[in-house]
Enquirer: 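Have a look at the structure that comes next, please.
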There are 2 protein chains.
Amino acid sequence: MSKTTINPPPNRGPLVSVKITDVAALAGVAPMTVSRVLNTPDRVSELTAARVRAAIDQLGYVPNLIAGGLSSRRSRMIAAIVPTIASPMFNEPVQTFTALMGEAGYHVMLALSGYTPGGEDRLVRAILARRPDGLLLTGAHHSAAIRALLADARVPVVEIWDTAEHPTDVLVGFDHAELGAAVAEFFIAGGHTHFAVLSARDPRAAARGTGFVARIRQHGLTVVAERVLNAPSSIEDGRQGLRDIVASLAPRTALFGSSDMVAFGALIEARKLGISSPGQLAVCGFGDFEISRSTEPPFTTVRVDGAAIGRIAAEQLLARINGAATPGRVLLPFEIIPRSST
Amino acid sequence: MSKTTINPPPNRGPLVSVKITDVAALAGVAPMTVSRVLNTPDRVSELTAARVRAAIDQLGYVPNLIAGGLSSRRSRMIAAIVPTIASPMFNEPVQTFTALMGEAGYHVMLALSGYTPGGEDRLVRAILARRPDGLLLTGAHHSAAIRALLADARVPVVEIWDTAEHPTDVLVGFDHAELGAAVAEFFIAGGHTHFAVLSARDPRAAARGTGFVARIRQHGLTVVAERVLNAPSSIEDGRQGLRDIVASLAPRTALFGSSDMVAFGALIEARKLGISSPGQLAVCGFGDFEISRSTEPPFTTVRVDGAAIGRIAAEQLLARINGAATPGRVLLPFEIIPRSST
DNA sequence: GCGTGCGATGTTATCGATATCATAATTCGG
DNA sequence: CCGAATTATGATATCGATAACATCGCACGC
């Protein structure tokens, strides 16, 4: 459909590397003064600062943060670990967090842990080798090895998107089991008596599913099907999931999907199979992804304020970095958004 | 719907910071030997290596890459700049690239430039301050300031997802204009005579749209509507786009959307408005996102092998870092995947 | 008119690792 | 068995910035 082309590489000019002493020499000041112009401009007279800035521009000086970091023992870098960016789930918190930390002078290094257990261990070691000034972790349940590493490293840590009795440091999340239970109550209030759940193979999705099922059983009602899907789960996983459980469905069943992708897949497959929604199959997703809102008809989901999580995480982490005592745990609310699928 | 809770923070233990000299002392060797065990194990006898490894484990030593980087003048870090992770567009290349560079011993620092022009400038400066060993840029058209910075920095650069006559260093991408033209030909071959395009406000989406329109005009055929959307564009943008142009549509129109999100939105809105597809409105998206495949019915799109771009970018960049001469330009093919919407 | 204090700048030591060169231990062919 | 090549390890200097302390000059108050 199109060609593959290969051209030769261009040549490059001579190697140059401007350092702080070069700038200092040109501006006729000590290197320390250049450093002050860049880091604590208030402590330099406006006159010299101008001379130094001129020299910086003239030479195209770009400070070396590696050297600066070694000397000051501050990397001005934050590492953020999320399971994946292939799902819209973590976009909001990560983007907000990154933007706010950026304003505060920190770069955020994003790392993907995947959903394979143990993938996190190597990653955390590798990341700590860069001496981040802070850490953002997705999830609050980590291996003993990681806990030990983090404790030794003395790095401020904020855990998001989860809850735990004793967070490593600061936690900003919500209670997944309670959320599942709330979805159960929502369905029950709608008169449902038969339920199903499709959950990704991921600890937090599992917690939502467990909370859902537990509450239903508390009410003495029936869970007709429960199925575990890939993580992160795709639309196709949701479709396949529905095909797998279709034989078990009651004439009127309420389905909880662990993400909006799953719920959307289930809805598509139901429509294809001639199962009406919400009549025969009520569906609730999770995440309030755009697809839940903008598809036709839009479907019911649970919204968590991802931007708020990112913002509070940034605030808490900055407070922690600056040595302030901060609350150990911030649990945020969630909200069921009823739409046409229930 | 749920509560907000705040608990006090936990206390932390004493501060420790193990360094290479501590490990060396415990193992009874010189620091340099510890360094060799970690970086060039072949050059150390198995016996001493074992002793050193034992000491490392016992002390929980995590090497300081900041110090190592200053000394060796290699950061073992690659910076990757993409416009956004809110769209599935760049997932495949980025994930593949990150995984491969990771295997080669490099960490990838992901940075988001957004679609605002000029956002890239500050970002590149900030990133160069960390002295990355290589750079991955999305897009091949940069400001003069950036070009100068990159040239001075002498960093290997690979540009992806675009084409340009004279790439900064290495380029791995495809020709967006040609892609748009191919979609035009595809529609024309299907007997279409009236066309519309919805394109995101982003240089590469614009190139696809322009290529599409140009080819249609070459054939003397009619473009009934042309509209620019937000970048990155959402399903809702696609829906709104279709509403905006619906009055201009011919009884049988072929629509090219700059991404599958746009195409999906247009299809949803068309269905809602009672416009049949492909009968009255044929639609082709771009990206082969999951939604194009897994929705019902699936719709036509153009696929680019994102994983291949990521892989080749990693290979080329590694070759560049290791001083090899590499091709300046690799253009990859694309493929139109006909489905039920055309 | 002179000490005091403060703002502006400079000097020196250091951050924690690795490049490079030097040296000790070992192997091996003839 | 011996000297040269090879392997394993150590000593020293250095990467480029900043923390901490020192110094200088000037304004200001009494």
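Residue numbers start from 1 in every chain, and the chains themselves are labelled A, B, ... in the order their sequence lines are given, proteins ahead of strands.
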Enquirer: For DNA chain C, find the residues of residues 31-46 of chain B with a heavy-atom distance under 4.0 Å and give them by number; none if there aren't any.
Expert: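 Under 4.0 Å from DNA chain C: M32(B), S35(B), R36(B), N39(B).
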Enquirer: What's the CD1-C1' distance between I20(B) and dG16(C), to the nearest Å?
Expert: 8 Å
Enquirer: Would you kindly give the CZ-to-P distance between R131(A) and dA17(D), to the nearest whole Å?
Expert: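 In whole Å, dA17(D) P and R131(A) CZ are 21 Å from each other.
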Enquirer: A30(B) near the nucleic acid: base, sugar-phosphate alone, or nothing, with a heavy-atom cut-off under 4.0 Å?
Expert: sugar-phosphate
Enquirer: Using modelled atom types and a 3.5 Å cut-off, is there a donor and acceptor pairing between side-chain atoms of N322(A) and backbone atoms of A319(A)?
Expert: no
Enquirer: Within this structure, what is the CZ-to-P distance between R74(B) and dT14(D), rounded to whole angstrom?
Expert: 22 Å
Enquirer: State, yes or no, whether a side-chain contact exists between I309(B) and F97(B) at a heavy-atom distance under 4.5 Å.
Expert: no
Enquirer: Between E120(A) and R125(A), does any side-chain N to carboxylate O distance fall below 4.0 Å?
Expert: no
Enquirer: Between OG of S17(B) and CG of D22(B), what distance do you get to the nearest 0.5 Å?
Expert: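 The OG atom of S17(B) sits 8.0 Å away from the CG atom of D22(B).
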Enquirer: From CG of L47(A) over to C1' of dT9(C), roughly how many Å is that when rounded to an integer?
Expert: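 Going from CG in L47(A) over to C1' in dT9(C) covers 13 Å.
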Enquirer: Listed in order of residue number, which residues of residues 48-73 of chain A have a non-hydrogen atom at under 4.0 Å from DNA chain C?
Expert: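 The stretch gives T48(A), L70(A), S71(A), R73(A) as the residues lying under 4.0 Å from the strand, ordered by number.
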Enquirer: Quick one: do R53(B) and E46(B) make a salt bridge, cutoff under 4.0 Å?
Expert: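 Yes, this pair counts.
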Enquirer: Can you confirm whether the side chains of R76(A) and H107(A) place a donor and an acceptor under 3.5 Å from each other?
Expert: no
Enquirer: From E159(B) CD over to Q316(B) CD, what is the distance, rounded to the nearest 0.5 angstrom?
Expert: 12.5 Å
Enquirer: Please determine which of L150(B), D169(B), I160(B) meets the side-chain contact (heavy atoms from CB on, under 4.5 Å) test together with L137(B).
Expert: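 Of the listed options, the one satisfying the test is L150(B).
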